[in-house]
2 protein chains.
Amino acid sequence: MAPPPAAPASRPSRRSASRPDGTRRRASHSMEAVLTEAVALLDEAGEGALTFRALAARLGGGVASIYWYVASKEELLDRAANHVLADVLADAELQVEREDPIDGMRAIAVTLFDAVADRPWLGAYFMRDTELQPHGLQLYERLGQQTLRLDLTPRQRFHAVSAVIGFVVGTAADMGQEPPREVLEGEITREEYLARWAEEWRSLDADSYPYVHHIVDEFATHDDAEQFRAGLELILAGLRLQAGG
Amino acid sequence: MAPPPAAPASRPSRRSASRPDGTRRRASHSMEAVLTEAVALLDEAGEGALTFRALAARLGGGVASIYWYVASKEELLDRAANHVLADVLADAELQVEREDPIDGMRAIAVTLFDAVADRPWLGAYFMRDTELQPHGLQLYERLGQQTLRLDLTPRQRFHAVSAVIGFVVGTAADMGQEPPREVLEGEITREEYLARWAEEWRSLDADSYPYVHHIVDEFATHDDAEQFRAGLELILAGLRLQAGG
DNA sequence: CATAAACTAGAACATTGTTCGATGCGGCGC
DNA sequence: GCGCCGCATCGAACAATGTTCTAGTTTATG
């Protein structure tokens, strides 16, 4: 979505086919292995867990080796995002053959949401650099293709796709914020946690916070996915209206 | 928007009235000063520029002193966000007296967007902890109050407000990503930068990327604020429809 | 076999958030 | 005045991180 830096030609960063031979003294990585382990680290313990040292240990090599494949941590995360988006894209391609283009948009949006929701880091690195993230660009393209089947101007199509992506990424990143330790470590459940917050809200002055009191029960029992879907429907309804029903 | 950690009672964190007396050996801060300088640092040079050492230097004191007011950098950013939201809230309050509740929602959303757009860090820390961010909660309340004037169920109201905030914060954070050095240092303008990216897109295969080609001109000349407004209108149109026109 | 490119890695560096312990400052009871 | 105690400040040290330097080893190719 956001403007990408023009990629400086930089290092070759080509993969090396590590032969299936198991007996090698020195660790042999290959770009694929680096990204796979990086994503694994990210998925297991969140963004904070991805350090060059932890990654090197997992690869059984030295810290500096990673720099042969990647020029910086930023690039590592850009590439890791693209790596994950390959699966998202594959899923999305399957669901594109809808009669109704808006159904197609919804399907892609939901797929992307699911991916970002349990990978909070992905939101921040989605389509930052189209050169490093071809899969992100393709996802963008797929979503946009649906709008080509709607009666809209190019500008309206551009705005529609931007809106959907902004909403998906923003909402997912927001919902995916690292839960506090208490929940992560299983001390309390998500419900208890929500209830605790709800209680805090209920203790607010009712006259000053009529809305908060009005929705506090909904909040306490809400489901993230349903909340997302509801918001998405608003956008899609507005879009359908714009396209002339 | 996202669940907040239950605030551990922690340090008192009260302000101390630093007397106007200029001749003091030791630096006397006060919470207000800390937050003000932190925000200034953030605004001047982005999230990366806010370090405890830089902040201490600006305050003319030692690094460890800041920890008397704030338990961690996380809390510092939460409080800084709340500090900024005070102004946003004041702006929003002025624009709430609309006839049409949806006009009111739009006004608040635009105000919040403007604030986040040129403060990328704000998006990531918006309403993370309502106890530390009362202003964020009040903004949420104000937005929600508009929906009380619409014919909706509590759940629909909850979803509507969540959708608007998710879209605003997500889009603004996305658009507000740090521009690359070339642009920041004035080597090239934003237009040239966009044009460069557009050129890259135009070089893609036209059959595989029909949509990208279709909107590339729109992209090259697009205005962030207009793009945001267009997306917001989609949500609000969907909402109006849901409320029965 | 020699040469260059592909690839690995140890050690060192600067910078960051955070903690510890010591020290000053202000008012209050006596 | 004196001593005490809570508020407030700060220097120094720590561990962790991204990154660079430099040197080494492997692999393909002629």
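Naming: A, B, ... by sequence-line order, numbering from 1 per chain.
- Nearest to the side chain of A:F52, among C:dT19, D:dA8, D:dG18, sits D:dG18.
- Note on residues 111-125 of chain B: pairs passing salt bridge (charged side-chain N to carboxylate O under 4.0 Å, His left out), not counting sequence neighbours, are B:D43-B:R119.
- Among the atoms of the strands shown, only primed sugar atoms or phosphate atoms (P, OP1, OP2) are found under 4.0 Å from some heavy atom of A:L50.
- In this structure, B:W68 atom CH2 and C:dC20 atom C1' are separated by 18 Å, rounded to whole Å.
- Residue order along DNA chain D, read from the 5' end via each residue's closest nucleotide, puts A:G48 first among A:G48 and A:A64.
- Rounding to whole angstrom units, CG of residue B:L76 and P of C:dT16 are separated by 14 Å.
- Between A:W197 and A:F219, the distance from one ring center to the other falls under 6.0 angstrom.
- Under the side chain to side chain donor-acceptor pair (under 3.5 Å) criterion, the residue pairs touching residues 44-55 of chain B are B:E44-B:R58, with sequence neighbours excluded.
- Taking 4.0 angstrom as the limit, B:S65 places none of its side-chain polar atoms (N or O) nearer than this to OP1 or OP2 of D:dA8.
- A:Y69 has a side-chain polar atom (N or O) that falls below the 4.0 Å cut-off from OP1 or OP2 of C:dT8.
- B:V70 pairs with exactly one of B:L77, B:L76, B:L55 by the side chain to side chain contact (heavy atoms under 4.5 Å, CB included) rule, that one being B:L76.
- D:dA13 atom C1' lies 14 Å from atom OH of B:Y67, rounded to whole Å.
- Rounded to a whole Å, the CD1 atom of A:I66 is 14 Å from the P atom of D:dT20.
- In this entry the distance linking CZ of B:R53 with P of C:dT15 reads 10 Å, nearest Å.
- At whole-Å resolution of the value, CZ in A:R58 and C1' in C:dT8 are 20 Å apart.
- Distance from the side chain of A:T51 is smallest for D:dG18 among the nucleotides C:dT19, D:dG18, D:dA8.
- Atoms NZ (B:K73) and P (C:dT16) sit 9 Å apart, rounded to a whole Å.
- A salt bridge links A:R79 with A:E75; the closest basic N to acidic carboxylate O contact falls under 4.0 Å.
- Rounded to an integer number of Å, the gap from CD of A:E74 to C1' of D:dT17 is 16 Å.
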